[in-house]
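We name chains A, B, ... by the order of the sequence lines, and we start the count at 1 in each one. Computed from a prediction, not measured in an experiment: that's the story for all the values here.
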Amino acid sequence: MSQILPKKNLKQLLSNWAASYEIYAPQQLEKFAHFMPTNGSELLYIDEQHNTRFPPKALFLPQSETLMKYTRFGAAQETIPESKPRIVFGIRPCDAKAVDLLNLMFLTEKDSDPYYQARRKKTALIGIGCNIPCPSCFCTTVESGPFGRQGMDALLTDLEDIYLVRTLTQTGKTLFAEYPEATEAQEAEAKAVQQRSLKLIDPAFETKGLKAKLDSNFENALWQKFADSCLGCGICTFLCPTCFCFDIADEAQRKERVRNWDTCMFRTYSLEASQHNPRPTRRERTRQRVMHKFSYWLDHVNKIGCTGCGRCVRYCPVGLDIRAMLREFNQLEAEVANG
Amino acid sequence: MTDLESKLTAEIANLLDDKKVDVFIAFKKAESPLHPQPAFFTESNQLGDFVYNSLCQNNLAAFIPRYPLSARIGMVVRGCENRAVNHLVVEKQHARENIFMIGVPCEGLVDWHKLVNRFGEEMIAVDEAKDEIMISYRDRQIRAPRQELLHDSCLRCVHPNPLSADVTIGELKPEGDPTLARTEVAAFSALDNAARHAWFRKEAERCIRCYACREACPMCYCTECFVDHGVPRWTESTVSPAGMRAWHIVRAFHQAGRCVSCGACERACPMDIKMTYLTEKLNEDMRTKYQFECGMDDKTQPPFAAFNLDDKNRFEL
Amino acid sequence: MVKNPYLPIPMHILRTYYESTDRSLKTLELSFDDPENARAFFAAYNPGQFCVLSVFGKGECALGIANAAWEGDFVRFTAQKMGSVTQTLHEMKAGDPIGMRGPLGNGFPLEDWKHRNLVIIGGGCAFSTLYALTKHLFHPAVRNDYGELKVIYGTRNSGLCMYKQDIQSWHHRDDLEMHQAVDVPEEGWDHHVGYVPNVVKEVAPSPDNAVAIVCGPPIMTKFTLSALTGLGFAPEAIFTSLEKRMKCGIGKCGRCNIGPKYICKDGPVFSLAELNALPNDI
Amino acid sequence: MIDHKPKIILFQCQWCLYSAEDQTWVDTQLPVNIHLVKVPCTGRINTLYVLNAVQGGADGVMISGCLPEQCHFKEGNLGARRQLDQFADFLDHIGYERNRVRFTWLDLQDRGRIQRDLAQFEADLTKMPKSEALATRVGGHHD
């Protein structure tokens, strides 16, 4: 069923892959983990038991990317990225699931996004499970888990000296073709590790009925309460692995049309040319962020737009905690709708 | 609840009960141990969540420009927050008589970056004693000297005591050593241009343009920031080097003579970008060129607003 | 190879002219550089849809389409001078290249309206898509599918009235009832005077087997909707077209939502019944 | 050393050149490597203008304005002097050498001085390497 990758072979494996793939893996940037290109010679930073600070969605939807180059005469040349096949190594289950969720937004039947598609189609995701989840993680609450497999081609479980590799797709099988099968004892050990980890994560809030609570409390005073502390910066949305909003702008000096991540937390996000702003204060903006993830996503694709990675909780400079916010909504009586 | 916290709670409760303030801005406990949440108390019965410790990272003065001038605001202030309030009063962002400050001499803030980078994300609680920080995990506890975890701005803090608080609780701390405070920026200035530039690039390159530094800063209260300005557009919209460097240069320069060295910008940054080496340089120049230190009183205009003909001799002839 | 939805169709400006005497409104008519694109465009086009015009170096802006397919192989837009893109649009001349993405959005549900009476109510520069709708209905092959047609069009003053010649001639047509209004009395004005909601009450179109379509500034729309409800129109029989800041136009960039609905993809045309089900996020 | 003429941006206060000849020279005869930005007063020069010039690859920025007490707008130059001088120091702090920003405060009798100062500035800049710090838009399109 599973295979064995001795940790000491990892470098060799990565450099073998590097011949035909571009590889991205977490490495140390300043003092935190960050996805960067590697050919196997760099020191990886995956043993620390938490996530990269910057979400790997940027490998599929870069923070800034050129959509097209244009000339003075109105002709535009699209700039669809071309690259070798890619491997993202060491992605955590929450982030891999987030990429899968982004597929639903960008690889649509009508108007599929060619830029995202070009990157996504060429990329294999090799994930690694979390043996010791952080207290800010809540993946199990939102239909994922520390060893969730959604979106991955293979999932690694860290067992001291070896990784137990569970291949999940044909691509995954090909990549790990030469590695031996795991013994039953190793399988059992991995299972124990996984279950121990699972037990460490407490459910953060109830998701059943949450959407109805949010929908019926659109005008609730709680939104103002949360917005009071909110600074209005873009940390929660930029570091979120599922937030995908973008802005399209022309960089006249480079003669390029670009798209940049945008965030509903900024005033300019919904500001119209007439200076009318449908979301004039932090209250509406905070509400938009939470509603989008826990209500509108469900309307659109019947999935919660959150994978419980906990980044917005960990890095919010004012300690606004989406888990606490949602719990407060859950505690509201159903009948005080629109209070 | 610590001794200081109970004294503060009593004081705040009195203010709210006597209706001396409309809102009291302080901190309350949040789920994450590293980030107590700014809270806005209007009734004394809300004070159950009140918390005040070295992890209260934000400069609460940043919330003042959100209120109309007539709002009577109460605040717990440390030295830097007191100076920020002073300067906001200079810039007419609020009326001094409508702000009630409870001053607390500051022990220095524990930097969450330092904590996380050193002890990982798995901490479930962080407590403090006089000189020690206790970090609890699920299965163990670690102690670390406070001094090693203080934020850089606090390590070089010169004025930890509130200067013009209406009430001060706690014992005054000795003033910091100005020369010691300047060693860092002096050392940076002593590097050659290429080295300084390399450092600047390295820091600015990590920027994700979330503008947390701007939003956390009490002096960044403009309704429309220059980066949001559409016609003309001042900087590139992308995370290209041009855009990110322009942001860091101009953000810092707009603080010239207005920065109180609280370091809130740096603490808010999710990418560990150093920024105070820029603002400290400006502060240093303001001190040497114009003998100005921001926020020391609520009257003196900053140098860029206070030019006059005395500058005559500064023109190279 | 997928079609790139962000890539504009190459177009040229056929002609431009000012609509209003104060020169705040300008109409641009664009022709397709490639006839193939024109075929594809008109095969997909339904009145009420919009396009994203793209001025390279300035950016993009969404504008409602103001012509019917039968008028010819061109696309008409009327732009109010507002932001930097529309400012540039106003400066452009015949022969200038321009990009266009579209048609986008749902357009009016014309199929559902067949054999019903239509009340078309417009205010100010938002009349453009209603103009397209009315023109569309004039086509002999289409007109008989629908019942009586009433058009109510109000502007602040007569100078701001768009498509003046055409609208002037509508007063003399026997297949529609035209009501025009200005906000304040003017010399030589022999039509209605007053705000659109009041004119609607005055004209009092019958709700029997009728559909009302309202486009206008938010405040006008708000009061007109309640006026129509007062006249007995059911929420399912009142339609309006919304706008918000848009970027991608295809429901990806995320900003133009009202609750779960994207205006660019699920709209811009909504019935009042649909709007009532959405949160107040406009 | 640079092998071509250094690119200089000249911000000129429209009141500072007292002689018509100087103004005509600046308006019509500037060498091609010097780009003129005429402003109503040095006080109008936003630091963003200077930054834009520097990011666009300017090897040097020269600001010419009036002396104290001679400002057309009374005190525009006083504010400019404080801000722009500090901005030049600040740019130096992050690697754009201080001597790449130069001020000439012109007096009534300074006939022909702008030409001399520009020539001197150009000569000084030629001795320095090409400005690369902060020149993020070099290679981009400039009209």
Side-chain angles (χ1 to χ4, degrees), chain B residues 185 188-189 191-201 203-204 226-227 229 232-236 240-250 252-257 277-282 284-286 288-290 292 302-317, chain D residues 42-43 46-57 63 65-71 74-100 102-107 110 113 117 128-129 131-140:
Chain B
V185 64
F188 185 78
S189 300
L191 299 172
D192 65 12
N193 280 67
R196 288 202 302 273
H197 185 60
W199 170 267
F200 170 69
R201 270 170 81 147
E203 293 301 314
F226 77 99
V227 278
H229 198 72
R233 199 156 65 226
W234 291 112
T235 60
E236 262 207 48
S240 65
M244 293 192 293
R245 288 178 209 169
W247 164 246
H248 281 267
I249 293 170
V250 180
F253 194 71
H254 281 174
Q255 305 301 338
Y277 71 99
L278 299 173
T279 42
E280 281 307 309
K281 154 79 178 166
L282 293 163
E284 180 59 21
D285 282 358
M286 292 300 138
T288 49
K289 288 185 190 170
Y290 305 104
F292 179 80
F304 287 179
F307 46 82
N308 57 42
L309 276 176
D310 300 345
D311 280 0
K312 240 177 174 171
N313 53 359
R314 293 179 193 276
F315 284 72
E316 303 157 334
L317 290 170
Chain D
T42 44
N46 195 314
T47 47
L48 283 158
Y49 299 179
V50 180
L51 181 67
N52 215 9
V54 170
Q55 289 206 322
I63 293 157
C66 311
L67 279 173
E69 294 177 334
Q70 293 175 10
C71 177
K74 296 280 186 275
E75 50 183 23
N77 55 352
L78 300 177
R81 163 73 205 180
R82 281 198 174 192
Q83 277 205 27
L84 297 174
D85 179 61
Q86 181 59 48
F87 192 59
D89 282 354
F90 186 59
L91 286 181
D92 182 75
H93 188 64
I94 52 175
Y96 188 80
E97 297 87 343
R98 177 63 180 84
N99 44 9
R100 289 186 190 273
R102 192 167 293 187
F103 299 86
T104 47
W105 304 104
L106 298 168
D107 205 353
D110 282 342
R113 183 174 147 195
D117 281 2
M128 295 170 72
S131 148
E132 268 161 10
L134 299 179
T136 35
R137 287 204 319 270
V138 179

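- The candidate from D/Thr47, D/Asp92, D/Leu51, D/Asp107 with the greatest count of non-hydrogen atom pairs under 4.5 Å with chain B is D/Asp92.
- For a residue to count as touching a neighbouring chain, one of its non-hydrogen atoms must lie under 4.5 Å from one of that chain's; by this rule B/Ala194 does not touch chain D.
- The aromatic rings of D/Phe87 and D/Phe90 sit tilted, their planes meeting at an angle between 30° and 60°.
- Aromatic ring pairs are classed by plane angle as parallel below 30°, tilted from 30° to 60° and perpendicular above 60°; the pair B/His197 and B/Phe200 is tilted.
- For B/Tyr277, the parts lying near chain D are the backbone and the side chain together; criterion is any non-hydrogen pair under 4.5 Å.
- With sequence neighbours excluded, no residue forms a salt bridge (charged side-chain N to carboxylate O under 4.0 Å, His left out) with D/Glu75.
- Of the listed residues D/Asp89, D/Asn52, D/Val54, the one with more heavy-atom pairs under 4.5 angstrom with chain B than any other is D/Asp89.
- Both the backbone and the side chain of D/Leu134 come within less than 4.5 Å of a heavy atom in chain B.
- For B/Ala198, there are no side-chain contact (heavy atoms from CB on, under 4.5 Å) partners two or more places apart in sequence or in a different chain.
- In this structure, the ring of B/Phe253 has its center less than 6.0 angstrom from the ring center of B/Phe304.
- At a 4.5 Å heavy-atom cutoff, the contact between B/Leu278 and chain D is made by backbone and side-chain atoms alike.
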